[in-house]
Amino acid sequence: MTTLVSRLRTAAHFDRLRILGLCAHADLTVCELAEILGLRRERVLRHVRLLARADFLCCNEHRPWRSYHLKAGGKDGGLVQLLVDLLPHGDSHHERDLQRLEAIREVRSKGLPA
């Protein structure tokens with residue numbers, strides 16, 4: 001029970017929930033997340049590390065830079081997916097984040113640095 005409470009406390013932060021929402025859609029680097037969220041890279045890195053320690057995110061080291069995505073299908077019965085499903089998808093922050101994510105995807109598809 002204490003592990004669940006600790007994990008929920010970790011997720012219960014505005015910027016961390018935004019990160020989870022974005023990582024549900026794509027593998028993203030800390031720099032890409034910082035650009036999308038409009039936050040300093042150091043702050044995003046701290047949030048990502050906390051989310052990874054809480055077993056919400058996985059690190060993909062196969063790209064040229066570390067990228068992060070949701071850790072799906074854990075022993076917790078899909079807690080991270082439940083949290084993402086509960087995000088208010090009509091929220092202006094979430095919609096803006098997804099628009100910025102789409103812009104980064106377009107840049108990636110053209111082979112240009114983000």
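Sequential numbering from 1 along the given sequence is applied to the chain's residues.
Annotation: salt bridge (charged side-chain N to carboxylate O under 4.0 Å, His left out) contacts of D91 (sequence neighbours excluded): none.
Contact of the L4 side chain with the L79 side chain is registered, since non-hydrogen atoms from C-beta on lie closer than 4.5 Å. Side-chain contact between H93 and F14 is present, with heavy atoms from C-beta onward closer than 4.5 Å. Considering only heavy atoms from C-beta on, R105 comes within 4.5 Å of E102 through its side chain.
Heavy atoms only, all atoms of each residue included: L87 and G21 are closest at CD1-CA, 3.6 Å. In plain terms, the two heavy atoms of D55 and R7 that are nearest each other are O-NH2, 3.4 Å. In terms of heavy-atom proximity, R108 sits nearest to L28 at NH2-CD2, 3.7 Å. Pairing each heavy atom of L22 with each of L101, the nearest pair is CD2-CB, 4.1 Å. Here the closest non-hydrogen pair linking A24 and L70 is CB-CD1, 3.5 Å. Shown here for I36 and R100, the closest heavy-atom pair between the two residues is O-NH1, 2.7 Å.
If you take CG on D27 and OH on Y68, they are separated by 11.0 Å, rounding to the nearest 0.5 Å. Note that CD1 of I19 is 9.0 Å distant from NE2 of H13, once rounded to the nearest 0.5 Å. The distance from the CG atom of L39 to the NE2 atom of H47 is 6.5 Å, given to the nearest 0.5 Å. The distance from atom CZ of R46 to atom CG of L51, rounded to the nearest 0.5 Å, is 10.5 Å. Atom CD of residue E42 and atom CG of residue L45 lie 8.0 Å apart, to the nearest 0.5 angstrom. In this structure, L37 CG and R18 CZ are separated by 4.5 Å, a value rounded to the nearest 0.5 Å.
Residues V84 and L50 do not share a hydrophobic cluster, defined by chaining ILVMFWY side chains whose heavy atoms lie under 4.5 Å apart.
The environment of R49 atom CZ is sparse: at most 12 non-hydrogen atoms of other residues, nucleotides or ligands sit within 6.0 angstrom.
Using cut-offs of 30° and 60° on the angle between ring planes, the pair H25 and H94 is tilted.
Here the side chain of R66 pairs no donor or acceptor atom with the backbone of C59 at under 3.5 angstrom. No donor-acceptor distance shorter than 3.5 angstrom exists from the side chain of S6 to the backbone of T3, with no hydrogens or angles considered.
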